[in-house]
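Structure, as structure tokens:
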Amino acid sequence: MQESPGAMGVDGSYTSNVPAFLTKLWTLVEDPDTNHLICWSATGTSFHVFDQGRFAKEVLPKYFKHNNMASFVRQLNMYGFRKVVNIEQSGLVKPERDDTEFQHLYFLQGHEHMLEHIKRKVSIVKSEETKVRQEDLSKLLYEVQLLRTQQDNMEMQMQDMKQQNEVLWREVVSLRQNHTQQQKVMNKLIQFLFSQMQSNTPSTVGLKRKLPLMLDDGSPSPPSSKFSHNHPMEPMHESFYIQSVRNHQNHLTLDQLETTKTI
């Protein structure tokens, strides 16, 4: 049970720095009506609790709103009170009745102002648990920060990959367009060559058929394939041949000359 600080002292003074539990405990020990159950020791440096059963049943509810002796002792321990064990040279002295003695360095009879020096203990286990929780919390925060950093890096990488992907797609589209244009040019070129071949085929055949007719002009020797187109030389050959024949064979008749020409 935790009381709020600040309470009224025995003399009516307001002790703002003293917890309510200590103020109530001081009032309880000072009350002469409860000396048969709780009172100061002879030296005034400690107090006795007699008959814990009756004390818990008759006194505690008036001051602490409970009748649990264990809770009362636990509160004393939290503020640094400890049990006093009487030790003599012969050993432990067994009390004649139920008597439990408690003391504290600053809980002294006639020195109420010393109560403000009594501080509540902080549980070591609780401190260790709090320390562990803080360490866990710090570790968790570090891991969260690390995950956030990794997530930011992944988002940046994904953004870069997205941009690179867009660039690649634009290049692919450009290459497709170039390929389509080149394909159109190739198709037009093929169509042009094919049309030229079709248009040139009849003239070539006609030239092959016309060439023997042009070469067949009645000359005595077959024309050479290389110089078959050199027709102006043939009349000179014919006139020279005819003149020679006329000079050496004047006796030949015109019919014979024609026959020789034909040959």
Side-chain angles (χ1 to χ4, degrees), residues 124-263:
I124 299 176
V125 177
K126 185 176 181 180
S127 300
E128 292 295 332
E129 291 178 354
T130 304
K131 183 178 180 181
V132 172
R133 290 177 181 177
Q134 290 179 351
E135 291 178 354
D136 293 340
L137 181 60
S138 299
K139 184 178 179 180
L140 181 61
L141 291 176
Y142 173 76
E143 291 178 354
V144 170
Q145 185 67 27
L146 183 61
L147 289 175
R148 182 175 297 177
T149 303
Q150 293 177 355
Q151 184 178 4
D152 293 339
N153 293 334
M154 291 180 63
E155 289 180 356
M156 292 178 61
Q157 293 178 359
M158 291 180 64
Q159 188 67 23
D160 292 340
M161 293 178 64
K162 183 178 180 181
Q163 294 178 357
Q164 294 178 2
N165 191 20
E166 292 177 355
V167 173
L168 291 175
W169 272 111
R170 286 197 295 266
E171 292 180 355
V172 169
V173 172
S174 178
L175 290 174
R176 286 181 177 177
Q177 293 177 353
N178 293 336
H179 176 72
T180 303
Q181 295 295 332
Q182 293 177 358
Q183 189 68 30
K184 292 180 180 179
V185 173
M186 291 295 296
N187 291 336
K188 291 181 178 180
L189 181 60
I190 292 173
Q191 292 177 0
F192 175 76
L193 294 176
F194 185 74
S195 62
Q196 291 296 321
M197 291 177 63
Q198 288 182 343
S199 61
N200 291 336
T201 299
S203 61
T204 305
V205 175
L207 181 60
K208 291 181 179 180
R209 293 179 178 178
K210 185 178 180 180
L211 185 58
L213 297 177
M214 293 175 62
L215 296 176
D216 190 9
D217 55 355
S219 61
S221 60
S224 174
S225 61
K226 184 176 181 180
F227 302 97
S228 58
H229 61 283
N230 195 3
H231 298 286
M233 296 297 294
E234 292 181 0
M236 294 177 62
H237 177 71
E238 292 177 357
S239 60
F240 177 78
Y241 181 76
I242 294 172
Q243 186 176 1
S244 300
V245 171
R246 288 177 178 177
N247 293 332
H248 295 85
Q249 296 180 358
N250 293 325
H251 60 280
L252 293 177
T253 61
L254 181 60
D255 293 335
Q256 291 177 343
L257 180 59
E258 291 178 357
T259 302
T260 302
K261 183 181 179 181
T262 301
I263 293 172

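Everything numeric in this text was worked out from a predicted model, so none of it was measured. Throughout, numbering of the chain's residues begins at 1 and tracks the sequence.
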For Q177 and T180, what are the C-alpha separation, side-chain angles and deciding distance, and is it a side-chain contact (heavy atoms from CB on, under 4.5 Å)? CA-CA 5 Å; Q177 293 177 353; T180 303; 5.6 Å; no
Going from [atom1] on [X] to [atom2] on [Y], what distance comes out if it is rounded to the nearest 0.5 angstrom?
| X | Y | atom1 | atom2 | result |
| --- | --- | --- | --- | --- |
| M161 | L168 | CE | CG | 10.5 Å |
| Q198 | Q196 | CD | CD | 10.0 Å |
| Q134 | K139 | CD | NZ | 16.0 Å |
| Q183 | R176 | CD | CZ | 14.5 Å |
| L146 | R148 | CG | CZ | 11.5 Å |
| Q157 | M154 | CD | CE | 7.5 Å |

Is [Y] close to [X] at the side-chain level, that is, under 4.5 Å between some pair of heavy atoms?
| X | Y | value |
| --- | --- | --- |
| V185 | Q181 | no |
| T149 | N153 | yes |
| Q163 | V167 | no |

In chain order, what residues pass the side chain to side chain donor-acceptor pair (under 3.5 Å) check against N165, with sequence neighbours excluded? W169
Taking the side chain from S174 and the backbone from R170, do they hold a donor-acceptor pair closer than 3.5 Å? no
